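All figures in this text were calculated on a predicted structure; none of them were measured in a lab.
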Amino acid sequence: TCEVDVCFKNSLSLRFHGMISREEADQLLSVAEGSYLIRESQRQPGTYTLALRFGSQTRNFRLYYDGKHFVGEKRFESIHDLVTDGLITLYIETKAAEYIAKMTINPIYEHIGYTTLNREPAHKKHMPTLRDEHDGKESTGEDEVAEKRRNSALFRHVDINVCEIVGSFSVIFLSATVFQVHTFRGPHWCEYCANFMWGLIAQGVKCADCGLNVHKQCSKMVPNDCKPDLKHVKKVYSCDLTTLVKAHFTKRPMVVDMCIREIESRGLNSEGLYRVSGFSDLIEDVKMAFDRDGEKADISVNMYEDINIITGALKLYFRDLPIPLITYDAYPKFIESAKTADPDEQLEILHEALKLLPPAHCETLRYLMAHLKRVTLHEKENLMSAENLGIVFGPTLMRAPELDAMAALNDIRYQRLVVEMLIKNEDILF
């Protein structure tokens with residue numbers, strides 16, 4: 001716009017030399033290394049070039065302005081800062097190109113402060129695995145039926161307990177590091193290769209979950225062993241599920257545990273449980289309470305008498321996950337199981353699909369399905385069958401990965417069937 005052009009030209013000050021040729025710019029800058037000027041292109045009037053003298057050559061860069069000056073990814077308040085950062089980068093890349101290429105070959109990542117400080121304490125490694133309230137229930141007739149089903153011919157060749165991969169408590173804590181471009185104040189060294197992070201701004205990237213600082217090129221080499229720190233994990237809702245359980249050192253998100261406990265303590269006989277919507281403003285209050293107070297959030301009957309507010313908050317948690325509980329990678333396999341006509345084959349495909357889930361997702365899904373199974377045991381009172389719960393939770397737990405609107409719409413019926421099958425066969429699949 002005209003306003004932006006005026007601001008841009010005002011910011012150029014004495015360094016703007018108007019519409020001159022490359023040859024004229026080269027002649028003006030030949031007097032000193034590091035000198036620079038701005039010129040307007042003769043070939044494309046209205047576009048601007050930064051001419052910079054480095055290594056006895058004049059280098060030309062297309063200059064852009066959107067309120068800040070930039071020639072690449074980094075944006076600067078002034079041309080002076082842009083040139084200073086550029087000279088530093090050019091010097092490093094020219095004088096240390098061979099060294100930079102080798103920086104990531106012999107990293108000291110396993111021996112530096114970040115890894116040793118965040119390594120799991122010995123007393124935590126030997127902590128007993130937390131048991132669920134319902135895991136230790138007494139044997140019933142239903143258990144005996146389930147045991148017979150487990151021993152049926154169909155399942156003799158199948159590894160039934162998918163979530164045994166979660167048996168080791170520490171296995172849950174596997175996630176990729178979430179890097180974001182960051183400007184560091186003062187000297188900083190890369191925590192992967194231990195080399196200096198050069199530049200005036202955006203010298204490297206910083207993990208939003210654990211605070212790890214590394215070069216941008218080193219970030220591609222960092223293992224998927226991020227150990228989130230609570231001071232970096234600012235919220236509960238809309239936070240990656242694996243990141244949340246790692247940060248709080250829990251098996252499942254506290255939202256899931258606390259809401260299900262509250263629902264089972266006073267809501268299993270409530271008609272239309274999960275189908276009836278609670279008051280949206282109060283559901284938002286519950287969300288803010290978890291984001292603010294975490295496991296100390298009060299969702300008791302004294303605060304929220306209507307159980308539909310708690311069910312609404314639980315459904316909202318799953319809808320807000322950046323990666324759905326049934327992940328994008330596993331989605332096609334789950335849909336395949338719903339499209340299969342043969343019941344035995346359906347379960348085998350479901351079993352394979354569950355193996356594709358990250359451990360924290362698998363454990364959370366197991367806990368949720370066990371809960372929904374118990375909801376169906378009160379169907380006479382709450383009128384919620386496995387089919388009805390599938391209709392509610394299908395689109396909540398599953399989202400089609402980058403499908404067009406029509407394909408996503410067609411998948412809804414299969415999403416419902418997936419959840420229905422998971423509920424009905426919870427005792428066999430998990």
For Tyr304 and Asp298: C-alpha separation, side-chain torsions, deciding distance, then whether side-chain hydrogen bond (donor to acceptor under 3.5 Å, both in side chains) applies. CA-CA 9 Å; Tyr304 305 102; Asp298 184 2; over 6 Å; no
Do other residues, nucleotides or ligands put more than 12 heavy atoms under 6.0 Å from Glu295 CD? no
Would you say that Leu241 contacts Ile323 through its side chain, given a criterion of any heavy-atom pair below 4.5 Å between the two side chains? no
Quick one: CZ on Arg319 to OH on Tyr237, what's the gap to the nearest 0.5 Å? 9.5 Å
Give the C-alpha distance, both sets of side-chain angles, the deciding distance and a yes or no for side chain to side chain contact (heavy atoms under 4.5 Å, CB included) between Thr396 and Leu316. CA-CA 8 Å; Thr396 301; Leu316 180 61; over 6 Å; no
Quick one: is the NZ or CZ of Arg366 closer than 6.0 Å to the six-membered ring centre of Phe430, and within 45° of its axis? no
Using modelled atom types only, decide if a donor and an acceptor are shared between the side chain of Thr340 and the backbone of Asp342 within a distance under 3.5 Å. no
Non-neighbouring partners of Glu420 that pass salt bridge (charged side-chain N to carboxylate O under 4.0 Å, His left out), sequence neighbours left out: Arg416, Lys424
Would you indicate whether Gln27, at its atom CD, is surrounded by more than 12 heavy atoms from other residues, nucleotides or ligands within a distance under 6.0 Å? no
Is the backbone of Ile428 close enough, under 3.5 Å, to the side chain of Asn425 for a donor and an acceptor to pair up by distance? no
Measuring from Leu422:CG to Ser337:OG, what's the distance to the nearest 0.5 Å? 7.5 Å
Any side-chain donor paired with an acceptor under 3.5 Å for Ser21 and Glu24? yes
Taking the side chain as every heavy atom from C-beta outward, state whether Ile260 and Arg252 have any atom pair closer than 4.5 Å. no
Apply salt bridge (charged side-chain N to carboxylate O under 4.0 Å, His left out) to Asp320 and list each qualifying residue two or more places apart in sequence or on a separate chain. Lys287
Thr327 and Asp329 side chains, donor-acceptor separation under 3.5 Å: no
Closest non-hydrogen atom pair between Val236 and Phe290, with its separation: CG2-O, 3.2 Å
Given Leu90 and Arg59, is the side chain to side chain contact (heavy atoms under 4.5 Å, CB included) satisfied, shown in steps? CA-CA 11 Å; Leu90 286 170; Arg59 306 190 181 208; 3.6 Å; yes
For Tyr274 and His371, I'd like to know if the aromatic rings sit close, meaning centre-to-centre distance below 6.0 Å. yes
Is the closest basic N to carboxylate O distance between Lys339 and Glu336 below 4.0 Å? no
Under the salt bridge (charged side-chain N to carboxylate O under 4.0 Å, His left out) test, which residues partner Glu352, sequence neighbours left out? Lys355
Closest non-hydrogen contact found for Arg275 with Val392 is CA-CG2, 4.1 Å
Atom pair CD1/OG1 of Ile20 and Thr49 - distance to nearest 0.5 Å: 10.0 Å
If only side-chain N and O atoms count, and only distance matters, is there a donor-acceptor pair under 3.5 Å linking Thr58 with Arg53? yes
If you compare all heavy atoms of Val286 against all heavy atoms of Ala313, which two are closest, and at what distance to 0.1 Å? CG1-CB, 3.5 Å
Output yes when a side-chain donor or acceptor of Ser78 lies under 3.5 Å from a complementary backbone atom of Asp81, and no otherwise. yes
About how many Å separate CG of Leu29 and OH of Tyr36, when rounded to the nearest 0.5 Å? 11.0 Å
When you measure from the centre of the six-membered ring of Phe70, is the NZ or CZ of Arg75 under 6.0 Å away and within 45° of the axis? yes
Locate the shortest heavy-atom distance separating Pro253 from Tyr317; write the atom from each residue and the value. CG-OH, 3.2 Å
Criterion side chain to side chain contact (heavy atoms under 4.5 Å, CB included) on Thr47 and Glu40, from CA distance to verdict: CA-CA 6 Å; Thr47 63; Glu40 187 172 359; 6.0 Å; no
Heavy-atom side-chain proximity of Leu417 to Glu387 below 4.5 angstrom: no
Are more than 12 heavy atoms, taken from residues, nucleotides or ligands other than Tyr328, located less than 6.0 Å from that residue's OH atom? yes
With a 6.0 Å cut-off (strictly less than), is the heavy-atom count around CZ of Arg22, excluding the residue itself, greater than 12? no
Heavy-atom closest contact (Gly34 atom, Leu52 atom, distance): O-CD1, 4.1 Å
Return the minimal non-hydrogen interatomic distance between Ser238 and Lys235, and the atom names on each side. CB-NZ, 3.9 Å
Going through the checks in order, is the side chain to side chain contact (heavy atoms under 4.5 Å, CB included) test met by Leu368 and Phe318? CA-CA 11 Å; Leu368 177 64; Phe318 287 120; 3.9 Å; yes
Atom OH of Tyr48 and atom CE of Met19: how far apart are they, to the nearest 0.5 Å? 8.0 Å
When rounded to the nearest 0.5 Å, the distance separating CG of Leu350 from CD of Glu345 is 11.0 Å
